[in-house]
Structures are given as C-alpha cells and as structure tokens.
Amino acid sequence: MTSFIAPGATLGVMGGGQLGRMFVHAAQQMGYSTAVLDADPASPAGLVARHHIQADYLDEQGLAQLMQLSAAITTEFENVPAHALKMLGAHRPVAPVAQAVAVCQDRAAEKQHFAGCNVPCAPHAVIEDASQISAVPDSLFPGILKTTRLGYDGKGQMRVATRADLPVAWASLGSVSAVLEQQLPLAYEVSVIVARSAAGQVVHFPLQQNLHRGGILAVTQVPAPDLTVAVQQRAIDAAERVAESLGYVGVLCVEFFVLKDGSLVANEMAPRPHNSGHYSVDACDLSQFDLQVRTMTGAPLVAPRLHSPAVMLNLLGDLWFASDEAAPREPDWAAVLALPGVHLHLYGKATPRRARKMGHLTVTAAIAEQARVVALQAAAVLGLPAF
Ligand code: ATP
Ligand code: MG
C-alpha cells in the first residue's frame, strides 16, 4: 500500500495532452510540483508543468529523468507503452499499473475482462488473420469493425453492412487485429467514472449522458436526462466490479450503451480521467483530476458531490473554420462568456485542426433545464448543432 505522499512532492505524468494539463492544474492547486513527459515542445500539459521532459514514451533517458523527479507517476494517455509503465513501476508508485492499462489498450482483452466481471458487452468476434473472416457469425451484421489497438475518437473503425463488405473493410483498416461488433440499437449512451485507492476505497461520480457526433464526444449532460435509477445502479456496480477485479488504483471510466430494450452494455473503458468527466471541474466539489491526484498520492478518497447540474460542450477545431475560408479565425468567445454559468476551458493548442479537441465549455446552473437552455444558446453562438 502506498503511504501518503504529501504536498510539496513532485508528481509525474506520462503524456502532455489536455487531460495531463488538467491533472497538473489539480496537483498544483494542492501544492504539488509536476513533471510531464511528452515529446511535443508545445504540449498542453508541458506548457503549464514545472518540469517538461521532451522525450518519447520509450526514451530511456527521458523515463529515467521522470522517475528521478517524481515521487509517484500517473498517465493521461492510455496508449503509453505498458512496458514503460512497468519499468517506472519497479522504482516508483505508478497508478494505474501497467497491467491494468494493458487491458484497456486492447479491445479484445477489455471485452474478455468485462465478461469475466459479469458485465455484458456487444456480441463480437476477434479477427486476427484473414482465415477468421469467414468464421464470423451472420448475427454480427450489420456491424462495426474496430482495430483492437490504438483507436480513439472514432478512428480505426468502419461500419460493415454485410458479410460481403468485411474483407474490404478489414483491408482498409490495415489488416491488423480487429474486433467486429454487432451494431446495437442504442437508446442513449452513458459513462461512469470511478476512483479506487490503494487501500481499496472506491468512489464514483454520477452518471454522465454522452452524445457523440462522427464518433467523437460532443455533449455531456449531468444528471443524465434519460437515465433510470435501475440502470444507474447497474452501471455503477458494473464499473466498480471492473475496477475491483483489476485491483485498480486511479481513475477509471467505463462507457456504456443503454439499448432500446433498457439493457446495459459496456462499450469500452479508459484507465484515466475521461472527456465525459470534464464537467466535474466546475460542477462537483472534487473533480476527476483531484481524485487522480488523491489516488496516486495515497490520500483518502471521499465521494465527489455534484453541486450543480452541468452541460459540457466539446470545442473541436472545426469551430475555427466556420466558413470555407482557408485561414482559421477565433470563435466569438466574448459572446459565449456573456452567458451565465459558462466556464470556458481552452487547452493552449496553437494550431486548430478539424476534429482536434481544442477545449470545452461547461455550463452550470441551479437546475438542469437552465444549464441546458444556456448550453443551447452557447451552441447557437458558436455554430454548433442543437442537442
Ligand atoms: P473514444 O475513445 O473517443 O471514446 P473510440 O474511437 O474508442 O472512441 P468507440 O467508443 O468504440 O470509439 O465508439 C464510438 C461511438 O460509436 C460510440 O460512442 C457509439 O456512439 C458508436 N458505437 C460504437 N460501437 C457501437 C456498437 N457496437 N453499436 C452501436 N453504436 C456503436
Ligand atoms: Mg468510446
């Protein structure tokens, strides 16, 4: 068990994206120093941390430097090579551990883990070589073919309407190990974020309801408007079982589909804070990043409380290209900031690109309906579709 690492120590993070940046902010607020490992000199977290080690995830010198600086290490990027975490873990507390991250990096292993925890997931087949294509059952069509590793934001996925389309789809994903999932009739999507300490304490956030556009998270609403009490309890129990059985230490997000018949199906999980939990910074008394700091430092966990209903809108680079002009232009932030309860978060990324996560905004209000009304106004100002 980790003994408590007191403020003043340096906390390390593998990866310098926006999740790392918000982790750094939370750690700094509690009086920790921070070290980020990311090769990009302009990485969002590297820009705000005390130490920025500009090195690749497998650079031995960089990893050694991170280890020397840090009293404990976490990750903000799930595709950090598991063996880099393992190496760090031999010398420092690392949360989550390499083995748990490895399960989340592999869709097939992840689904197997869900099944082992009695958590239903989509009917699927694993395709590792061409010979397995013909063995795929008819019941999986229409389906979605997803690469086993390295997919995110809808990348590494293809819809496959019929069996005849499967060979071409598999080839276009690079003929790499993949999972064909049955396309399910979704009523809505939710996610659950839990945090588990080395002492085995587990706390959770309320369920988030998530709307995706083009495979990318677009809107998160909390409390989840369509959720029933029964589904809520099943999802929390399932996420806690998954964390327990991994012996997990850290923040874990499990994404679920709620189907039209009311059943709950686990989609995937992330061994870190999650985009759908960003609202917690502004709407909860403890954020997912505060809990990440607590789990890695061996601090006590207390249940986070939602103090305000919230709607989170993701701000993708597309917003900078409202018309077909080649040159990007800044969205009208002043108009958005004129609305009540708006918390604007921009990640310090210099170059907007379509589909790139540039920031998000969270609208908080006394009642959910008001948060939704203001979020719709903000969406209209920015040219985002209504939800
Ligand atoms: P991210 O890592 O950004 O969450 P991803 O690229 O790993 O996304 P998934 O979460 O697997 O992708 O899928 C993205 C979205 O596609 C889901 O949130 C859901 O809207 C839709 N989707 C994925 N799998 C299925 C399925 N089996 N049936 C119906 N819809 C699906
Ligand atoms: Mg997903």
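Atoms within a ligand are numbered from 1 in the order they appear, just like the ligands themselves.
Evaluation of the salt bridge (charged side-chain N to carboxylate O under 4.0 Å, His left out) rule for Glu240 yields no partner, not counting sequence neighbours.
With hydrogens and angles ignored, the 3.5 Å screen pairs a side-chain donor or acceptor of Glu110 with a backbone N or O of Met269.
The side-chain heavy atoms of Val192 and Phe205, taken from C-beta on, include no pair separated by under 4.5 Å. Considering only heavy atoms from C-beta on, Pro223 comes within 4.5 Å of Leu306 through its side chain.
Within ligand 1, the atoms closer than 4.0 Å to a non-hydrogen atom of Glu255 are 4 (O), 10 (O), numbered from 1 in the order shown. Residue Glu189 has at least one heavy-atom neighbour below 4.0 Å for each of these atoms of ligand 1: 17 (C), 18 (O), 19 (C), 20 (O). Atoms of ligand 1 found under 4.0 Å from any heavy atom of Gln182, numbered from 1 in the order shown, are 26 (C), 27 (N), 28 (N). Counting the atoms of ligand 1 from 1 in the order shown, those under 4.0 Å from a heavy atom of Asn267 are 9 (P), 10 (O), 11 (O). Numbered from 1 in the order shown, with element, the atoms of ligand 1 that lie under 4.0 Å from a heavy atom of His212 read 18 (O).
Ranked by closest heavy atom to atom 30 (N) of ligand 1, the top entry among Leu217, Leu186, Leu259 is Leu186. The option from Cys253, Ser276, Gly215 that lies nearest to atom 15 (C) of ligand 1, judged by heavy atoms, is Gly215. The closest non-hydrogen atom to atom 24 (N) of ligand 1, taken over Glu78, Lys146, His124, comes from Lys146.
In terms of N/O distances under 3.5 Å, ligand 1 is not approached by Gln183. In terms of N/O distances under 3.5 Å, ligand 1 is not approached by Ile144.
Aromatic pair His360/Tyr279: centroids not less than 6.0 angstrom apart.
Residue pairs that meet the side chain to side chain donor-acceptor pair (under 3.5 Å) test with at least one member in residues 54-71, sequence neighbours left out, do not exist here.
Salt-bridge check for Glu181 with Lys111: passed, with a basic side-chain N closer than 4.0 Å to an acidic carboxylate O.
Residue contacts with ligand 1 for Arg107 involve side-chain atoms from C-beta outward but no N, CA, C or O (heavy atoms, distance under 4.0 Å).
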Take Trp320 and Glu330 through the test side chain to side chain contact (heavy atoms under 4.5 Å, CB included) and record every step on the way to the result.
-> CA-CA 6 Å; Trp320 276 249; Glu330 203 68 15; 3.1 Å; yes

